[in-house]
Peer 1: 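Got a structure for you, written out below as structure tokens; questions coming shortly.
A, B, ... follow the sequence lines: proteins, then strands. Residue 1 opens every chain.
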Amino acid sequence: MPPKKRTRSSAKSNKHTDADAQHGEGSDDVAQLKTGKRKRSAGVKSDVEKNKNDDGRKTSCSHWLMKSEPESRIENGVDVKFGIEDLKVLPDQTGCWDGVRNYQARNFMRDMKVGQQAFFYHSNCKEPGIAGLMKIVKEAYVDHTQFDKKDAHYDPSSKADNPKWSMVDVQFERMTKRFIPLTELKKYHLQHKAKGGPLKDMALFTRARLSVQPLTAEEYDFILSLENEDPI
DNA sequence: GCCAACGTTGGC
DNA sequence: GCCAACGTTGGC
């Protein structure tokens with residue numbers, strides 16, 4: 001459910017710049033509590049700290065998986081459909097990944113750096129799975145849709161002087177050589193869980209519902225290698 | 001459309 | 001701060 005069809009061209013010229021965004025930080029993660037973790041050293045806003053995501057998983061992940069729905073669905077009166085084909089036809093094949101309303105997912109987006117790669121994952125649809133590749137072309141800044149009453153992901157609890165939600169800009173890179181279905185990833189996940197292998201802890205299976213998730217280099221490479229293999 | 005998983009909210 | 005109720009995600 002992330003992005004909307006919003007065009008990015010505007011994003012680039014948008015008035016909201018990274019500066020504003022700055023990480024809305026104050027918002028500090030209420031969410032984190034959930035996992036009990038709360039690490040984030042108090043106060044340390046900068047996240048340059050990093051290299052460890054909040055679940056402590058591996059170190060600096062530099063690859064990502066981002067979910068979006070390729071089929072029409074109305075939310076708050078608005079169609080949230082945004083598949084990889086929709087990204088591809090935007091000016092510059094670039095769009096903003098708006099609409100993320102989950103703290104963990106948001107925090108992962110705030111960790112993203114320009115140039116990193118992400119899989120475009122189709123969710124909540126007939127054939128869920130990885131459809132293509134994109135790259136991060138603009139780091140986290142304020143998601144303006146949180147203030148827009150007409151938007152599918154309007155958040156009345158977010159205040160302009162302390163925005164809760166961020167987004168990044170992504171650019172279409174290419175379709176995967178073949179669609180990599182969730183079912184296939186799951187088979188590998190189970191297999192790897194039993195006997196070892198790169199997908200044994202893949203977030204897609206260990207963290208249900210997380211719409212923006214990190215991949216280790218091993219996970220990313222393995223999944224990409226499936227492009228050249230026959231489906232199992 | 002169903003429903004399991006799990007995040008969020010709010011009463012206490 | 002706990003936890004039950006509620007809401008959302010997303011596979012099937």
Peer 1: Could you tell me whether the side chain of A/Asp86 and the main chain of A/Gly83 form a donor-acceptor pair under 3.5 Å?
Peer 2: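 Looks like yes, one N/O pair under 3.5 Å.
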Peer 1: Just how far, in rounded Å, is P of C/dT9 from CD of A/Gln213?
Peer 2: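 From A/Gln213 CD to C/dT9 P: 15 Å.
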Peer 1: Does a side-chain N or O from A/Lys67 land closer than 4.0 Å to OP1 or OP2 of C/dG10, or not?
Peer 2: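 Yes, such a contact exists.
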Peer 1: Name the residue closer to the 5' end of DNA chain B, choosing between A/Ser157 and A/Asn124 according to the nucleotide with the nearest heavy atom.
Peer 2: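 Residue closer to the 5' terminus by nearest nucleotide: A/Asn124.
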Peer 1: Pull out every protein N or O sitting under 3.5 Å from an N or O of nucleotides 4-7 of chain C, one pair per line with the distance.
Peer 2:
residue: C/dG7; atom: N2; partner: A/Arg209; partner atom: NH1; Å: 3.4
residue: C/dG7; atom: N2; partner: A/Arg209; partner atom: NH2; Å: 3.2

Peer 1: Using a cut-off of strictly less than 4.0 Å between a heavy atom of the residue and any atom of DNA chain C, enumerate the qualifying residues of residues 179-188 of chain A by number.
Peer 2: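 Nucleic-acid contacts, sorted: A/Leu182, A/Lys186.
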Peer 1: In whole Å, what is the span from the NZ atom of A/Lys126 to the P atom of B/dG1?
Peer 2: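 Roughly 14 Å, once rounded to whole Å.
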Peer 1: Under the ring-ring contact (aromatic ring centres under 6.0 Å, His included) test, which residues partner A/Tyr121, sequence neighbours left out?
Peer 2: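 So A/Tyr121 forms no ring-ring contact (aromatic ring centres under 6.0 Å, His included) with any residue.
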Peer 1: Please identify each residue that fulfils ring-ring contact (aromatic ring centres under 6.0 Å, His included) with A/Phe172, with sequence neighbours left out.
Peer 2: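 A/Phe172 satisfies ring-ring contact (aromatic ring centres under 6.0 Å, His included) with no other residue.
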Peer 1: Which whole-number value in Å describes the distance from A/Arg101 CZ to C/dT9 P?
Peer 2: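 Atom-to-atom, A/Arg101 to C/dT9, this comes out as 11 Å.
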Peer 1: Would you mind reading off the distance between A/Arg106 atom CZ and B/dT8 atom C1', rounded to a whole angstrom?
Peer 2: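 The answer, rounded to whole Å, is 14 Å.
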Peer 1: Please collect all side chain to side chain donor-acceptor pair (under 3.5 Å) contacts where either partner lies in residues 222-232 of chain A, sequence neighbours excluded, each pair once.
Peer 2: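 Residue pairs with at least one partner in residues 222-232 of chain A: A/Arg174-A/Glu227, A/Lys177-A/Asn228.
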Peer 1: For A/Gln146, enumerate each residue passing the side chain to side chain donor-acceptor pair (under 3.5 Å) test, keeping only those at least two apart in sequence or located in another chain.
Peer 2: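 A/Gln146 satisfies side chain to side chain donor-acceptor pair (under 3.5 Å) with A/Ser158 once adjacent residues are dropped.
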Peer 1: For A/Tyr121, report the nucleic acid contact type (base, sugar-phosphate, nothing); a contact means any heavy atom under 4.0 Å.
Peer 2: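 Sugar-phosphate: the residue A/Tyr121, judged by heavy atoms under 4.0 Å, touches backbone atoms but no base.
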Peer 1: Rounded to whole Å, please give me the gap between CD in A/Glu71 and P in C/dT9.
Peer 2: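 A/Glu71 atom CD is separated from C/dT9 atom P by 16 Å.
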Peer 1: Looking at residues at least two apart in the chain, or sitting in another chain, which of them share a side chain to side chain donor-acceptor pair (under 3.5 Å) with A/Asn102?
Peer 2: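 Side chain to side chain donor-acceptor pair (under 3.5 Å) check on A/Asn102 returns nothing, list empty.
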Peer 1: List in chain and number order the residues that pass ring-ring contact (aromatic ring centres under 6.0 Å, His included) with A/His189, two or more places apart in sequence or in another chain; answer none if no residue qualifies.
Peer 2: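 Partners of A/His189 by the ring-ring contact (aromatic ring centres under 6.0 Å, His included) criterion, ordered by chain and then number, come out as A/Phe205.
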Peer 1: Among residues at least two apart in sequence or on other chains, which ones pass side chain to side chain donor-acceptor pair (under 3.5 Å) with A/Glu85?
Peer 2: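 Side chain to side chain donor-acceptor pair (under 3.5 Å) list for A/Glu85, sorted by chain: empty.
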Peer 1: Just the rounded figure in Å: distance from P of C/dG11 to CG of A/Leu204.
Peer 2: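 Rounded to whole Å, this separation is 7 Å.
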Peer 1: Please give, in whole Å, the distance from C/dG10 P to A/Asn102 CG?
Peer 2: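 Rounded to whole Å, this separation is 9 Å.
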Peer 1: Below 6.0 angstrom between ring centroids: does that apply to A/Tyr103 and A/Trp165?
Peer 2: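 Ring centroids of A/Tyr103 and A/Trp165 are less than 6.0 Å from each other.
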